[in-house]
A.B. asks: 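Mind having a look at this structure? Questions to follow.
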Amino acid sequence: MKVKVLIAFGLVLIAACGQGGGGEPVSGTIEVTGQDYEFVGVPELVAPGAEFTFTNASTAEVHEMIVIGIPADETRTLEELLELPEEETADFPFQGVLVALPGEDGANPEGPGSSITISEPGRYAVVCFIPQGADPAVVEEAMAGGGEGPPDMGGGTPHAFLGMAAEFTVEG
Ligand SMILES: [Cu+2]
């Protein structure tokens, strides 16, 4: 009986450490994985200057990791913010995006670099707005600089509304 309780307690501790929820902010390189449809490996607390990389573990879907700052005076939850009309969050500061084709590592579609570094303390949202069922070939062509204007990714539900949204806090 006593042993069982100890094992259960140990498992709770391990789970807490894995989440970065043990009170210590995670520093250095943070490897985030995108899958259908969630982000894996986003810690609760992050140290200033941590660098995020992104890998897509899906075999079919394109995923992206967009990091957006949440203003300091904002008290609503991430779920509430996602429900707002686009114009109400349009001035939230964009921090970077990494787009990853199925099975590949994420890259900045707008230039060099394959990581996002966050320095300022505060709350941050991590979201993927790729529509469900988007054709990887279309995204690949757009990333290579082909095509005119934004790529046609179809009218699927953006992954953020299927669960691909997470939040972390940078502790100053
Ligand atoms: Cu996605």
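The figures that follow rest on heavy atoms only: side chains count, while hydrogens, waters and symmetry mates do not. First listed ligand is number 1; within each ligand, the first listed atom is number 1. These numbers were taken from a predicted model, which means no experiment stands behind them. If you read the sequence from its start, that first residue is 1, and numbering goes on from there.
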A.B. asks: Checking T29 against E51: is there a side-chain donor and acceptor pair closer than 3.5 Å?
C.D. replies: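 Judged by distance alone, the side chains do pair up.
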
A.B. asks: Suppose we call two aromatic rings close when their centres sit under 6.0 Å apart. Are F52 and F39 close by that rule?
C.D. replies: no

A.B. asks: Looking only at N, O or S atoms, which one in H63 sits nearest to the Cu ion (ligand 1)?
C.D. replies: ND1

A.B. asks: Which atom, counting only N, O or S, brings H159 closest to the Cu ion (ligand 1)?
C.D. replies: ND1

A.B. asks: Looking at CD of E44 and CD of E24, how far apart are the two atoms once the value is rounded to the nearest 0.5 Å?
C.D. replies: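 It comes to 13.0 Å.
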
A.B. asks: Taking the inter-plane angle between the rings of H63 and H159 on a 0 to 90° scale, is it parallel (under 30°), tilted (30 to 60°) or perpendicular (over 60°)?
C.D. replies: perpendicular

A.B. asks: Taking 2.8 Å as the cut-off, does an N/O/S atom of Y37 lie below it from the Cu ion (ligand 1)?
C.D. replies: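 Given the 2.8 Å cut-off, Y37 does not count as a ligand of the Cu ion (ligand 1).
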
